[in-house]
Amino acid sequence: MAVTLNTKYLGDFVGDHELKAISPALYAAADTLKNADGLGNDFTGWVKHPVNYDKEEYARIKASAEKIKKSCDVFVVIGIGGSYLGARAAIEFVKSPLYNNMKKDTPDVYFAGNTISPSATAELLEICKDKDVCINVISKSGTTTEPAIAFRIFRELIEKKYGAEGAKERIFVTTDKCRGTLKAFADEKGYETFVVPDDIGGRYSVLTAVGLLPIAVSGADIDEMMRGANDAMEKMTSAPVEENPALAYAAYRNILYRKGKTTEILAAYEPSFAMMSEWWKQLYGESEGKDGKGIFPASVIFSTDLHSLGQYIQMGMRNLFETVVTFSEPNVDVEVPYDPANVDTLNFLAGKTLSYVNEMAQKGTILAHVDGGVPNMIINIDKRDEYNFGYLVYFYEYACGVSGYLLGVNPFDQPGVEAYKKNMFALLGKPGYEEMRAGLIERLDK
């Protein structure tokens with residue numbers, strides 16, 4: 001398998017009988033997901049998406065990606081949450097966190113609409129000023145505040161630079177199939193459109209047009225991603241827990257949660273995994289954090305964060321567990337050179353590779369944290385490439401759906417996300433929120 005789960009460091013924290021005890025509920029949760037007869041079942045289209053995806057649209061995605069590659073220097077992806085995290089995670093996982101700075105024959109890819117920061121927006125506009133630009137706005141409704149504002153700003157940039165007719169060739173819209181203000185606007189303007197599927201929520205949508213167009217523009221092989229997801233689907237939806245890393249991951253997370261381990265730290269030793277961790281945090285945070293329940297998802301990049309958060313993990317509150325991500329094979333390697341002066345006293349490392357040093361840091365840290373009372377699981381991935389990305393995405397999504405049902409929540413809604421939006425609209429003076437605005441201002445002035 002491209003992804004495996006190693007639980008040998010859970011021996012002091014979880015007994016074999018506990019996995020056996022939770023198995024009936026685990027399989028029931030898995031059946032609920034596969035049969036699409038549980039809470040939120042209208043949003044389980046991703047379960048069979050690796051075989052049921054729209055082949056005609058998929059071909060248009062690839063064709064549009066080729067067009068964008070040839071026509072622009074900068075590709076701006078406008079979206080928030082699941083409309084941007086997956087694509088950015090994929091590009092950094094497969095290519096590099098430094099993708100935009102690397103020598104390549106594909107456009108730089110920047111992300112907007114995930115913040116309302118004037119500085120961040122102005123800086124990106126400055127980057128685009130003397131470059132050929134295309135944009136992809138991703139929004140189901142077209143009215144989500146952050147991406148809608150960004151789309152206004154960057155659409156104005158495109159139209160001023162290329163005119164209304166030229167803009168039609170440079171603006172790509174991913175939105176609802178037939179409803180919503182953005183869909184109507186895109187049709188009126190003649191923009192190329194792609195679909196946010198009705199039965200797949202944003203945080204589960206990375207392998208739909210939502211993520212695939214930006215990923216393809218970066219030069220990543222989306223065929224391999226879909227092949228990896230398909231192989232994962234065949235494994236995760238059929239194998240028993242003993243042979244199924246997704247079911248095992250869901251089971252052990254819930255066993256640890258019932259023992260008071262309410263925070264999960266996803267730890268990786270590659271900076272290229274940082275945005276994958278951000279995507280994972282949204283996936284599990286929005287899926288499980290409701291009804292007063294849920295494991296809090298946190299993340300670290302080691303060995304960097306060993307010099308900041310390592311102390312807390314080693315000796316802080318014992319309400320956490322770690323899931324460590326490792327790779328069997330580095331994409332590249334670097335050898336530590338010999339220094340005749342041995343100023344840093346590190347000549348004992350001369351001739352060794354950084355991947356070897358990194359591996360020893362992983363193993364030493366896992367042992368230290370286990371000794372400190374922190375349960376550890378290890379997710380091992382073959383390597384950083386498109387196939388493994390697709391496989392890993394499906395692994396996490398399937399485990400999340402099962403884990404949410406095992407927890408007793410709807411893994412596919414996010415009612416709490418709307419609370420801040422209502423307050424923000426009221427404070428900004430949106431029509432219809434006048435009475436609410438007065439009450440909020442009074443609270444703020446106290």
Side-chain angles (χ1 to χ4, degrees), residues 61 64-65 68-69 71-92 95-101 106-162 166-175 180-183 185-186 189 191-194 196 202-203 205-206 208-218 220 274-276 278-279 282 417 420-421 424 428:
I61 289 169
S64 291
I68 292 164
K69 289 179 194 177
S71 61
C72 72
D73 308 305
V74 174
F75 185 52
V76 179
V77 182
I78 299 171
I80 195 167
S83 295
Y84 101 98
L85 282 169
R88 186 170 177 183
I91 293 169
E92 296 198 7
K95 297 294 184 176
S96 168
L98 302 177
Y99 166 82
N100 287 342
N101 304 104
T106 51
D108 291 347
V109 180
Y110 289 94
F111 294 87
N114 51 70
T115 175
I116 319 174
S117 163
S119 298
T121 304
E123 289 160 7
L124 183 50
L125 286 169
E126 184 66 23
I127 288 171
C128 293
K129 188 170 65 174
D130 298 319
K131 305 281 182 65
D132 279 321
V133 182
C134 294
I135 63 176
N136 174 208
V137 59
I138 306 166
S139 175
K140 183 77 168 172
S141 66
T143 58
T144 303
T145 305
E146 296 90 341
I149 290 173
F151 184 42
R152 279 194 179 202
I153 292 168
F154 284 93
R155 187 176 77 246
E156 180 183 63
L157 170 75
I158 295 285
E159 289 177 345
K160 283 183 176 179
K161 200 165 191 172
Y162 304 103
K168 288 199 305 186
E169 302 301 315
R170 294 180 174 274
I171 296 177
F172 300 82
V173 176
T174 308
T175 188
T181 59
L182 183 55
K183 172 60 176 172
F185 183 76
K189 292 288 188 178
Y191 302 146
E192 180 85 21
T193 62
F194 301 96
V196 179
R203 56 188 179 273
S205 68
V206 59
T208 71
V210 170
L212 290 180
L213 179 60
I215 294 168
V217 169
S218 77
M275 287 307 302
M276 192 70 185
E278 295 301 308
W279 172 81
Q282 187 203 5
V417 174
Y420 93 89
K421 293 181 182 179
M424 179 175 67
L428 288 169

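Both backbone and side-chain heavy atoms feed into the values below; hydrogens, waters and symmetry mates do not. The structure displayed is predicted, hence computed values, not measured ones.
Atom NZ of K129 sits about 4.0 Å away from atom CD of E126, to the nearest 0.5 Å. E92 CD to L98 CG: the interatomic distance, rounded to the nearest 0.5 Å, is 8.5 Å. Annotation: the span from D108 atom CG to F75 atom CZ amounts to 12.5 Å, rounded to 0.5 Å. Between S218 atom OG and N100 atom CG the span is 10.0 Å, to the nearest 0.5 Å. In this structure, the separation between CD1 on I158 and SG on C72 is 8.5 Å, given to the nearest 0.5 Å. The structure places OG of S64 at 10.0 Å from CD of E169, a figure rounded to the nearest 0.5 Å.
Under the 3.5 Å distance criterion, the side-chain polar atoms of K140 are matched with a main-chain donor or acceptor of V196. For the pair Y162 (side chain) and V133 (backbone), a donor-acceptor distance under 3.5 Å is present.
Between F194 and L212 the shortest side-chain heavy-atom distance does not fall below 4.5 Å. In this structure, the side chains of M424 and T145 come closer than 4.5 Å at one or more pairs of heavy atoms. Here the side chains of R88 and V77 are not in contact, with every heavy-atom distance at 4.5 Å or above. A heavy-atom distance below 4.5 Å is not found between the side chains of F154 and V137. V206 has its side chain within reach of I215: a pair of non-hydrogen atoms, C-beta onward, lies under 4.5 Å apart.
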For this session: Give the intermediate values and the outcome of side chain to side chain contact (heavy atoms under 4.5 Å, CB included) for residues L182 and F151.
Result: CA-CA 10 Å; L182 183 55; F151 184 42; 3.8 Å; yes

Problem set entry | Stepwise side chain to side chain contact (heavy atoms under 4.5 Å, CB included) test for K189 and E159 | CA-CA 12 Å; K189 292 288 188 178; E159 289 177 345; 4.3 Å; yes

For this session: Could you check S141 against T143 for side-chain hydrogen bond (donor to acceptor under 3.5 Å, both in side chains), going step by step and ending with a plain yes or no?
Result: CA-CA 5 Å; S141 66; T143 58; 3.0 Å; yes

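Remark: E123 pairs with no residue by the salt bridge (charged side-chain N to carboxylate O under 4.0 Å, His left out) rule, at least two apart or across chains. In this structure T115 satisfies the side-chain hydrogen bond (donor to acceptor under 3.5 Å, both in side chains) test with no other residue, sequence neighbours excluded. Every residue two or more places apart in sequence or in another chain that forms a side-chain contact (heavy atoms from CB on, under 4.5 Å) with Q282 is listed here: L85, R203, E286. Here F111 pairs with Y84 under the ring pair (Phe, Tyr, Trp, His ring centres under 6.0 Å) rule; sequence neighbours left out. Looking at residues two or more places apart in sequence or on another chain, you find a side-chain contact (heavy atoms from CB on, under 4.5 Å) between T106 and K69, Y99, K104. Partners of A65 according to the side-chain contact (heavy atoms from CB on, under 4.5 Å) rule, which considers only residues two or more places apart in sequence or in another chain, are L213, A216, V217.
In terms of heavy atoms, A186 sits closest to T193 at CB-CG2, 3.6 Å. Nearest heavy-atom pair across P147 and G79 is CB-CA, 4.1 Å. Nearest heavy atoms, V210 versus S205: CG1-OG, 3.5 Å. Shown here for C128 and V76, the closest heavy-atom pair between the two residues is SG-CG2, 3.9 Å. Here the closest non-hydrogen pair linking T144 and S139 is OG1-OG, 4.1 Å.
Of the candidates N136, I61, I78, T174 forms a side-chain contact (heavy atoms from CB on, under 4.5 Å) with just one, namely N136.
Around atom NZ of K131, no more than 12 heavy atoms belonging to other residues, nucleotides or ligands sit under 6.0 Å away.
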